[in-house]
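This structure is a prediction, so every number in the text was calculated from the model and none was measured.
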Amino acid sequence: MFKTYGIYSDGMVLQQQTVNCICGAADADAPVTLKWDGKEYNSQADSKGQWKIEFETSAAGGPYSLELKCQNQKILFSDVYVGEVWVSSGQSNAQLPMSRMAYSYPEEFDLPENPFIRMCTVPIRWNFEGEQKEVENPCWKAASPKALGEMSGTAYFFAKKLSQELKVPVGIINASQGGSPIASWMSKEALISLGKKDLINEEEKWEEPSAVTKKMDEVNQAQKEWNDKIWASDKGIKEHWERLTYSEVENNWVSVPIPGVIEDFEGAGIVWFKKEITLTAKQAEDFNSQKTNLWFGTIVDADRIYVNGVEIGVTYYLYPPRRYVVPAGLLKEGKNTITVRVQKNSRAGKIRFYTEKPYCLFTDDIKVPPVAFRNVEIQASIKSEDFSPLSQFILLDGMWKMAYGTVIEDAPEQKFFEWVPTALYNGMLSPCFNYAVKGALWYQGESDVERYDQYKDMLCSMIELWRKKFTYAKKDMPFIVVQLPNWSDGWSEKEAMLESGLASMREVQAKVTESLPATGLTVTIDAGEWNDLHPEKKYTVGCRSALEALRIAYNQDYPPAPKALSFEKTDTSLLVTFDCGKSFLTPFNDSLADYIPGFSFVYKKGQESLLVEMAGKLISDTQVEVPLPAVDGKLLELRYLWADSPNPVCLYSGMGLPAAPFRFVL
């Protein structure tokens, strides 16, 4: 059978002005011919039927066709462009599709097809048999209203900015998977060279296919039994609590505030919540005459939501924002009941309805901000004289009624084979190694925060590995690392922390980019959400990453994010000097020039390490003065934005890039 390996397909983008490679399988010793850009290249399959052809591309352009022939068989790839090709990889924030951001960037979905932005999303595949050659049904798609929702948001905005600046087609190889640790994107040999015996042992457990099959069967059976048990034991399901009106539960169920934390429920199980809203005839008519959304923040862990006894949506895990559509005709004049069935999977933690998320019912003509606003601010922000007479909006936060459906043992442990060391390197990344690329964008680290002290060696090793394996890239293939944004798991925000895994990971990521050539750091300390692991501010992440790529890979004169270089101690303060490139320091707004929050000092009092927060003052284009605190102890460190989710972020460059978090030992 005559075929190609890797990610070649119609609509692909080839790296410009370099040697490209295409390979595949054919009959043993069969001749293979490539026709490309008016030239013909010839090769021959070896005794095992493997063939490879190298060919050169000229400057960016397209569309072209690429034709392969082997005896009486032919493969034709059409709509091929030449431009810049980047790999985008990492975990969920690298993967998060634009469909999740339809309310954050609705204008992107109204744009016509853009043939200069193309993406190949590598199917999720794990493998423990070493490097693989093939990708199942590879597909390159151009950005369009139809295809955009499937594209990685980070990678899309990265490609869009690069294409606009370079005025060439940009192709993205999106190889990413939620929850994946860095070890899953590395080879076994690389892990051996690092002496990671625990990771190697974990991988070797699954090299025998029967072990994988057995474990999958065990996990699936245990999960099925637990699902059946929680469903069968839920009193609310047996008695159809979703059909009960509010008045039927008002005196029997307890009152709780939503959003908020349900403190009293211990264990795993099902908890039901119910609220009543009263609609006028006009409100009911307006809601039913157009698309109506019911948004309910983010919930730990899973949920089903009912309106007047009818299920309108279900989400099976905790991270996605709950954004459901109420079917037309379901809402009515008078009293309406909204019921939420929440499933908690383990005794650990609490049922949480995340605060500063929208909890509301509204007609689709109202543009509700989808991220991290207080409900009162949402209510204020959507008031507009431009709304039509049919616009309706109702807040759903406040007091709800609650009852327990069941309490059972914790859900069985899951097994995600794609998170096993080497699994995604083999299954998703290695089939792309023969594809010529310009560089790589890496957005990962959340899953390795608890092992941040090991991360520097691993990331350096991974970059070295990828640079070796992407054969048709430059020796020092440009590599852009996205520094983790602010996030504090939905708990209280803090301006400074004595111990912060996220802050420590950010420091490690910065050190890696400082220690290796042709690497850049995208500072995103202001691009997260304290209550959402998957922030929707991917325009910010993608564009800033593109600026780093333009600086690192294309030698364009874009200054990096401000970086603290050194400090000078006076009798009363520390003068911190920043490298801003050809830019300068500026406060978020002019009123903050004399008050730059986010600085803190660690000091020692006896055997105890303590923390005191301070504000700095901008004294020049490159310097901030931070007063020394009057403390009873020895000052050990100066820190800036040292927290999981520091707030506020006030120090920027003239390019609008935030100063990177740092710490200095005094």
Side-chain angles (χ1 to χ4, degrees), residues 1-26 30 32-37 39 41-46 48-58 64 66-70 75-77 80-89 118-123 125 127 129-140 170-176 185-190 422 424-441 462-479:
M1 179 181 180
F2 183 44
K3 63 180 181 180
T4 59
Y5 293 143
I7 54 173
Y8 297 92
S9 82
D10 294 339
M12 62 186 168
V13 180
L14 300 175
Q15 178 61 36
Q16 67 173 329
Q17 297 178 314
T18 191
V19 175
N20 282 250
C21 173
I22 191 165
C23 54
V32 180
T33 300
L34 166 66
K35 290 184 179 180
W36 165 256
D37 196 18
K39 297 180 181 179
Y41 301 82
N42 296 295
S43 184
Q44 185 174 1
D46 62 19
K48 296 182 180 180
Q50 305 299 297
W51 58 267
K52 179 177 76 173
I53 297 177
E54 294 180 340
F55 62 102
E56 295 185 0
T57 51
S58 56
Y64 300 103
L66 185 153
E67 182 182 283
L68 291 159
K69 285 186 177 180
C70 178
I75 298 173
L76 179 65
F77 295 124
V80 177
Y81 278 71
V82 175
E84 294 297 299
V85 181
W86 283 74
V87 179
S88 176
S89 186
R118 299 182 173 225
M119 194 174 299
C120 175
T121 300
V122 181
R125 295 289 183 273
N127 190 285
E129 299 177 1
E131 295 181 8
Q132 301 297 297
K133 298 178 180 178
E134 297 189 62
V135 170
E136 183 179 354
N137 300 321
C139 180
W140 284 83
V170 173
I172 299 291
I173 303 168
N174 174 24
S176 52
W185 297 101
M186 299 175 68
S187 68
K188 185 175 181 179
E189 292 74 21
T422 78
L424 301 178
Y425 171 87
N426 292 329
M428 294 177 65
L429 196 67
S430 60
C432 308
F433 285 153
N434 279 329
Y435 206 92
V437 301
K438 181 68 173 185
L441 174 63
M462 192 198 79
I463 293 173
E464 179 183 356
L465 173 68
W466 288 22
R467 284 174 168 172
K468 177 181 177 182
K469 288 295 185 177
F470 278 96
T471 312
Y472 295 91
K474 291 182 177 179
K475 182 180 179 181
D476 286 335
M477 179 179 73
F479 213 99

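Shown here for Glu54 and Tyr41, the closest heavy-atom pair between the two residues is O-CD2, 3.5 Å. In terms of heavy atoms, Thr57 sits closest to Gln15 at OG1-O, 2.6 Å. For the pair Ala175 and Ser89, the tightest heavy-atom approach, listed with the atom from each and the gap, is O-OG, 2.6 Å. Looking at every heavy atom in both residues, Gly6 comes nearest to Val135 through O-CB, 3.6 Å.
Looking at Met12 and Ile7, their side chains never come closer than 4.5 Å, going by heavy atoms from C-beta outward. Taking 4.5 Å as the limit, some side-chain heavy atom of Val122 sits within range of a side-chain heavy atom of Ile173. Annotation: side chain of Leu14 is not in contact with side chain of Phe77 (no heavy-atom distance under 4.5 Å). Ser187 places a side-chain heavy atom less than 4.5 Å from the side chain of Leu465.
The salt bridge (Lys or Arg N to Asp or Glu O under 4.0 Å) search around Arg467 returns none, not counting sequence neighbours. Among residues two or more places apart in sequence or in another chain, the ring pair (Phe, Tyr, Trp, His ring centres under 6.0 Å) test is passed with Trp51 by Phe2. In terms of the salt bridge (Lys or Arg N to Asp or Glu O under 4.0 Å) criterion, residue partners of Glu131 (sequence neighbours excluded) are, by chain and number, Lys469. In terms of the side-chain contact (heavy atoms from CB on, under 4.5 Å) criterion, residue partners of Lys133 (sequence neighbours excluded) are, by chain and number, Tyr5, Gln50. Residues satisfying the ring pair (Phe, Tyr, Trp, His ring centres under 6.0 Å) test with Phe470, not counting sequence neighbours, are Phe433. Annotation: salt bridge (Lys or Arg N to Asp or Glu O under 4.0 Å) contacts of Glu134 (sequence neighbours excluded): Lys3. With sequence neighbours excluded, the residues satisfying ring pair (Phe, Tyr, Trp, His ring centres under 6.0 Å) with Tyr435 are Tyr8, Trp140. Under the side-chain contact (heavy atoms from CB on, under 4.5 Å) criterion, Asn42 pairs with Thr33, Glu40, not counting sequence neighbours. Here Glu129 pairs with nothing under the salt bridge (Lys or Arg N to Asp or Glu O under 4.0 Å) rule; sequence neighbours left out. Evaluation of the side-chain contact (heavy atoms from CB on, under 4.5 Å) rule for Thr422 yields Phe128, Lys188, Leu191, Glu203, Asn426 as partners, not counting sequence neighbours. For Glu67, the side-chain contact (heavy atoms from CB on, under 4.5 Å) test picks out Lys35, Lys69, Lys74, Leu76, with sequence neighbours left out. With sequence neighbours excluded, the residues that form a ring pair (Phe, Tyr, Trp, His ring centres under 6.0 Å) with Tyr64 are Trp36.
For the pair Arg118 (side chain) and Gly11 (backbone), a donor-acceptor distance under 3.5 Å is present. Between the Thr4 side chain and the Gly24 main chain, no donor and acceptor come within less than 3.5 Å of each other. Remark: side-chain polar atoms of Gln132 are paired, donor with acceptor, to backbone N or O of Gly130 under 3.5 angstrom. Side-chain atoms of Ser43 do not come within 3.5 Å of backbone N or O of Val32 as any donor-acceptor pair.
Residue Leu66 holds its CG atom at 5.0 Å from CZ of Phe55, rounded to the nearest 0.5 Å. If you take NZ on Lys468 and CE on Met477, they are separated by 14.0 Å, rounding to the nearest 0.5 Å. Interatomic distance, OG of Ser58 versus CD of Gln17, reported as 7.5 Å (0.5 Å rounding). To the nearest 0.5 Å, the span separating CE on Met186 from CG on Leu424 amounts to 13.0 Å. In this structure, CG on Leu34 lies 6.5 Å from CD1 on Ile22, to the nearest 0.5 angstrom. The CG atom of Leu429 sits 13.0 Å away from atom CG of Asn127, with the distance rounded to the nearest 0.5 Å.
Ring orientation note: the planes of Trp466 and Phe479 are tilted relative to one another, at an angle of 30° to 60°.
Screening Asn20, Asn434, Val85 for a side chain to side chain contact (heavy atoms under 4.5 Å, CB included) involving Tyr472 leaves a single residue, Asn434.
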